[in-house]
Amino acid sequence: VEFVLDRTGYIGTATLSKMFLDPCCGSGNFLIHAIARRKAAAREAGETNSQISEHILTGVVGFDLNPLAVTSARLNYLLAISDVLPSSGRIEIPVYLADAVYAPVRGDSNGTPTRSYTIGTVLGEMKLVLPEALVQSRTEFSFLLSAMEKDVETEETSEDYITHVRQDGAVRIMLEANPGWTEYLMTMFKTVSKMEQRKWNRIWCRIVRNYFASIAVGQAQVIAGNPP
């Protein structure tokens with residue numbers, strides 16, 4: 001692992017300005033080593049623990065298609081950053097059950113760059129279209145999906161859902177700056193609610209998060225791992 005990371009140039013201060021992606025991360029071996037390098041460089045640069053954790057969470061990312069591998073990698077990732085995590089606040093471990101070679105289709109809706117993904121099920125196809133910039137707002141997007149999962153469970157309306165998520169300060173500011181995004185979120189909420197009404201369980205919000213992960217993480221400057 002160390003040899004490969006050296007060959008990619010993911011060394012010292014270079015780790016502070018480069019996003020690292022392992023597209024087939026398994027249990028997270030490469031991720032853990034990448035975190036250790038980034039953490040050491042950040043400490044030498046005088047960053048606080050809060051800054052270190054934020055930069056790691058946005059700069060070290062993993063994908064895998066095996067659910068058990070993703071669960072293991074998330075746990076190992078969490079343990080690796082546990083000494084720099086803030087005492088409170090919301091975080092998302094950036095390890096996703098995702099296909100690194102398939103990205104949602106790029107589109108445009110009235111000048112808004114979008115990404116669409118069609119999910120095939122035995123009940124038919126579920127097509128989701130979302131603004132690209134919304135998906136790339138990783139923390140807020142994760143919160144929006146978690147809130148959606150709860151509101152679908154309690155059979156709220158799409159209007160109630162928007163009211164609830166706007167209570168979060170960051171989301172409210174984001175939606176006020178991009179008023180057209182509200183309609184996309186309401187449409188997605190109705191689509192997921194319809195699947196729930198057909199007696200499907202609430203894994204859809206998690207599936208959406210994973211399917212859009214390849215767009216949400218942005219561009220990686222270093223890609224390394226141990227392909228199967």
Side-chain angles (χ1 to χ4, degrees), residues 1-101 103 132-143 145-146 169-171 173-174 209-210 212-228:
V1 175
E2 297 293 343
F3 172 78
V4 172
L5 292 178
D6 287 344
R7 292 294 299 270
T8 65
Y10 197 74
I11 304 170
T13 56
T15 65
L16 302 177
S17 59
K18 296 180 178 180
M19 177 181 287
F20 177 88
L21 169 66
D22 184 345
C24 43
C25 67
S27 61
N29 197 19
F30 272 86
L31 298 178
I32 302 312
H33 284 79
I35 288 171
R37 291 187 175 212
R38 195 177 184 97
K39 191 190 299 183
R43 281 176 170 154
E44 287 187 12
E47 291 187 4
T48 64
N49 282 347
S50 178
Q51 291 172 322
I52 294 172
S53 63
E54 179 182 355
H55 293 158
I56 290 174
L57 289 166
T58 57
V60 181
V61 181
F63 297 157
D64 205 281
L65 289 172
N66 186 315
L68 293 178
V70 169
T71 299
S72 297
R74 286 176 177 165
L75 176 58
N76 289 329
Y77 194 115
L78 180 61
L79 293 173
I81 64 172
S82 60
D83 60 328
V84 295
L85 284 177
S87 57
S88 62
R90 186 174 67 239
I91 67 166
E92 177 179 344
I93 301 299
V95 179
Y96 303 97
L97 183 67
D99 189 343
V101 301
E132 186 173 61
L134 169 60
V135 176
Q136 290 177 338
S137 302
R138 270 198 279 167
T139 302
E140 289 75 23
F141 187 53
S142 176
F143 170 77
L145 291 174
S146 295
V171 170
I173 292 172
M174 182 179 70
R209 180 187 290 117
N210 289 323
F212 282 94
S214 59
I215 302 305
V217 300
Q219 184 175 1
Q221 287 73 45
V222 178
I223 300 176
N226 183 24

Worked check of side chain to side chain contact (heavy atoms under 4.5 Å, CB included) between Asp64 and Val95: CA-CA 8 Å; Asp64 205 281; Val95 179; over 6 Å; no
Salt bridge (Lys or Arg N to Asp or Glu O under 4.0 Å) partners for Arg138, two or more places apart: none
Working for side chain to side chain contact (heavy atoms under 4.5 Å, CB included), residues Glu2 and His33: CA-CA 7 Å; Glu2 297 293 343; His33 284 79; 2.7 Å; yes
Val1 vs Ile32, side chain to side chain contact (heavy atoms under 4.5 Å, CB included): CA-CA, chis, key distance, verdict: CA-CA 10 Å; Val1 175; Ile32 302 312; over 6 Å; no
Ignoring hydrogens, what is the shortest heavy-atom contact between [X] and [Y]? Give both atom names and the distance.
X     : Y      : answer
Ala41 : Gly12  : CB-O, 3.3 Å
Ala73 : Cys25  : CB-SG, 4.1 Å
Val60 : Ala34  : CG1-CB, 4.2 Å
Asp22 : Gly225 : OD1-CA, 3.5 Å

Side chain proximity check, Tyr96 to Val217, heavy atoms < 4.5 angstrom: yes
Close side-chain approach of Leu134 and Glu140, heavy atoms under 4.5 Å: no
Chi angles and distances behind the side chain to side chain contact (heavy atoms under 4.5 Å, CB included) call for Leu57, Ile93: CA-CA 7 Å; Leu57 289 166; Ile93 301 299; 4.3 Å; yes
Which distance, rounded to the nearest 0.5 Å, do you find between the [atom1] of [X] and the [atom2] of [Y]?
X      : Y      : atom1 : atom2 : value
Met19  : Ile223 : CE    : CD1   : 10.5 Å
Asn226 : Asn29  : CG    : CG    : 8.5 Å
Arg74  : Leu31  : CZ    : CG    : 11.5 Å
Phe30  : Cys24  : CZ    : SG    : 9.0 Å
Arg43  : Gln51  : CZ    : CD    : 13.0 Å

Please answer whether the main-chain N or O of [Y] pairs with a side-chain N or O of [X] as donor and acceptor at a distance below 3.5 Å.
X      : Y      : value
Arg37  : Tyr10  : yes
Ser142 : Thr139 : no
Lys39  : Ile56  : no
Asn76  : Ser27  : yes
Tyr77  : Ile35  : no

The single option from Leu5, Thr15, Thr8 passing side-chain contact (heavy atoms from CB on, under 4.5 Å) against Val222: Thr8
